[in-house]
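Structure first, commentary second.
Basis for what follows: all heavy atoms, side chains included, without hydrogens, waters or symmetry-related copies. Start at 1 and go down the list; that is how both ligands and their atoms are numbered.
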Amino acid sequence: MPVYNPPLRDMQFVMHEVLNVAAEYKQMPAHAETDEDTINAILEEGGKFAAEVTFPLNVSGDAEGCKLNRETHEVTTPKGFKEAYAKYVEGGWPALSCDPQYGGQGLPIVVNQAFYEMLNSANQAWTMYPGLTHGAYEALHAHGTPEQKKTYLPKLTSGEWTGTMCLTEPHCGTDLGLLRTKAEPQADGTYRITGQKIFISAGEHDFVPNIIHLVLARLPDAPQGSKGISLFIVPKFLVNADGSVGARNGIHCGGLEHKMGIHGNATCQMVLDNAVGTMVGEPNKGLQAMFVMMNAARIGVGNQSLGLTEVAYQNALAYAKDRIQMRSLSGPKAKDKPADPIIVHPDVRKMILTAKAYAEGGRALSMFCSLLIDRELHHPDEKVRKEAEEMVALLTPIVKAFITDNGHIATNACMQVFGGHGFIKEWGMEQFVRDNRINMIYEGTNTVQSLDLLGRKVLGNNGATLKKFGKLVAQLVEEEGVNEKMSEFITPVAMLGEQITKFTTELGFKGYQNADEVGAAAVDYLRVLGHLVFGYFWARMAQVALRQIAAGNSDPFYQAKLQTARFYFARLFPETATLMRTARAGAKSLLDTEAALA
Ligand SMILES: Cc1cc2nc3c(=O)[nH]c(=O)nc-3n(C[C@H](O)[C@H](O)[C@H](O)COP(=O)(O)OP(=O)(O)OC[C@H]3O[C@@H](n4cnc5c(N)ncnc54)[C@H](O)[C@@H]3O)c2cc1C
């Protein structure tokens with residue numbers, strides 16, 4: 001059976017030593033009281049919840065899955081899931097970073113994100129139920145009418161009700177402009193909604209008395225395509241004027257998908273049959289409102305893979321120290337044993353360190369992104385808020401796609417450390433691989449993320465936000481440029497920064513002549529930019545570690561950080577050279593292939 005220890009020390013390192021979040025919160029009136037001790041205490045309790053309540057249900061939830069009663073359309077989740085959710089609500093966890101106006105605790109997003117990383121390590125399938133609820137909360141908080149906020153936000157904040165996002169239909173996934181679900185306006189101001197949605201996570205379950213679906217649908221006179229989509233709240237049970245749960249609404253689960261992983265999460269086909277809904281935001285501007293939820297969910301999906309990378313790493317490391325097989329090439333290391341532990345073999349170390357470097361780099365990026373969101377929401381200076389918003393927009397596709405692709409590499413590598421045992425269910429490693437696989441697909445596939453990054457976020461604003469990230473790199477180079485000890489970390493990042501400037505201009509020029517050139521380069525481009533961002537954070541983490549060591553701190557944590565940084569720059573970062581080369585190969589080798597693909 002797998003093990004999981006919440007990585008509190010590393011979280012504290014990133015939050016307090018690299019990002020100095022508490023000092024920054026002092027400038028934000030909403031968070032001025034949030035100090036290091038408060039954050040640490042919450043995360044310690046949160047870690048206990050993840051390790052003791054939801055982690056023990058991960059393997060059993062995978063084996064058992066969800067069940068649909070075809071007569072009542074009710075879904076039963078795996079044994080223990082519902083009770084774990086009740087404990088989650090009882091502990092006040094859903095309210096952590098919600099608005100105090102609606103019963104929330106008003107804590108920073110960084111705290112919530114770190115807590116969710118641990119929940120994802122422990123049990124991604126379970127975590128998706130509250131995760132989607134939080135996304136629905138955010139969309140309604142940003143775009144709901146005062147009445148809608150009053151009705152729904154306190155219940156979503158407390159976790160008494162949960163939420164979903166209903167976008168996908170059988171014929172439309174990536175291209176939401178194709179969606180057909182219809183919304184007919186009624187005399188009383190509500191809408192009657194009819195259509196079919198598929199793949200709806202947490203669409204039906206037994207945790208709570210009401211489920212609040214956020215549904216994309218089309219008004220009768222709506223323009224074609226994505227400019228004709230509106231957003232609606234469609235509760236499973238209608239809500240009475242006094243806020244109590246009323247009659248059953250015309251939305252039900254018509255089937256459950258049988259899938260590769262996250263078996264404990266109900267992936268539902270949802271049938272809407274004249275369901276009553278109310279509009280969120282303006283007519284035909286539903287995608288804009290839904291983007292609040294989608295952007296939050298994209299960062300959340302990166303966080304899912306971060307969690308799985310961490311738990312896979314922990315298990316691979318423990319196994320590699322215990323499993324003895326063959327002797328080290330340079331002579332026996334465990335002379336008292338008939339063979340050496342496999343951790344002596346260079347390639348086994350490479351697999352484990354890959355996962356460690358991707359987990360710790362991903363944690364730094366995710367926390368930075370969450371801090372930017374805190375700035376965006378609460379910084380008193382409007383210019384700072386605006387800049388934070390732009391930077392989050394640039395980094396979101398990287399968090400989503402780079403961290404989930406790395407999760408794929410890392411969970412597979414960690415499974416490989418177990419040899420044949422990794423393929424056997426009882427060790428739990430193959431579940432991490434299976435559960436992670438969806439993260440590269442949903443919330444916009446990783447290809448779609450890369451098109452968003454290169455097409456919209458970089459070329460779409462002439463590289464303006466990318467230049468702002470470049471300034472952060474330049475600042476670090478200026479600070480540490482003459483420090484010889486830092487040059488092994490700073491030089492590759494500075495060089496890549498310069499190469500990316502040229503590479504981006506080149507792609508912009510080619511894309512201007514032929515848009516397919518952007519599509520042909522985008523996936524490689526995202527990975528290159530991902531390494532620039534990870535490289536920047538690895539250099540900053542090495543900087544802190546070096547300073548601590550120079551000051552006489554003998555905590556082995558800092559040596560570990562430096563060694564992992566060295567591994568990252570020696571073994572993972574250099575793939576940027578190949579990626580730039582393949583991106584430069586252009587669209588011709590992909591498109592001039594009619595005979596090959598006939
Ligand atoms: C387990 C699970 C849970 C899900 N949960 C939800 C949920 O809660 N709510 C919800 O609404 N949806 C959900 N989804 C749906 C998910 O978001 C979609 O599956 C995903 O967005 C892709 O859409 P699709 O499956 O229709 O693939 P398609 O859009 O058909 O894409 C097929 C392939 O074509 C590629 N492609 C498409 N367009 C382009 C392009 N322009 N350029 C390059 N490549 C392109 C894609 O990257 C992909 O590889 C879930 C799906 C699964 C499997």
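Looking at Glu160 and Lys155, a side-chain N of the basic residue comes within less than 4.0 Å of a carboxylate O on the acidic one, giving a salt bridge. Contact check on Glu575 versus Arg527 returns a salt bridge, with a Lys/Arg side-chain nitrogen under 4.0 Å from an Asp/Glu carboxylate oxygen. Classification of Arg584 and Glu506 as a salt-bridged pair holds, one side-chain N sitting under 4.0 Å from a carboxylate O.
Counting protein heavy atoms only, atom 7 (C) of ligand 1 is closest to Phe199 O, 3.2 Å. For atom 43 (C) of ligand 1, the closest heavy atom belonging to the protein is Thr447 CG2, 3.6 Å. At the top of the distance list for atom 24 (P) of ligand 1, counting protein heavy atoms only, stands Gly173 CA, 3.9 Å.
When non-hydrogen atoms are compared, ligand 1 lies under 4.0 Å from the side chain of Ile438 (C-beta onward) but not from its backbone. Contact annotation: for Lys197 versus ligand 1, there are no heavy atoms closer than 4.0 Å.
Using modelled atom types and a 3.5 Å distance limit, the side chains of Glu257 and Gln269 yield a donor-acceptor pair. Under 3.5 Å, the side chains of Gln314 and Glu310 contain a donor-acceptor pair of N or O atoms.
By the 3.5 Å distance cut-off applied to N or O atoms, Cys166 is not counted among the residues near ligand 1. The shortest N/O to N/O separation between Thr445 and ligand 1 falls below 3.5 Å. Where the criterion is an N or O separation shorter than 3.5 Å, residue side chain and backbone included, Thr168 meets it with respect to ligand 1. Below 3.5 Å of separation, one finds no N or O of Leu451 facing any N or O of ligand 1.
Using cut-offs of 30° and 60° for the angle between ring planes, the Tyr4 and Phe55 rings count as tilted.
Checking atom 34 (O) of ligand 1 against the protein gives no heavy-atom contact under 4.0 Å.
Here atom 22 (C) of ligand 1 lies nearest to Thr174 when heavy atoms of Leu179, Leu214, Thr174 are compared.
Applying the side-chain hydrogen bond (donor to acceptor under 3.5 Å, both in side chains) test to residues at least two apart or on different chains, the pairs with a partner in residues 272-295 are Gln148-Thr278.
Atom CG in Leu167 sits 13.0 Å away from atom CZ in Phe199 (nearest 0.5 Å).
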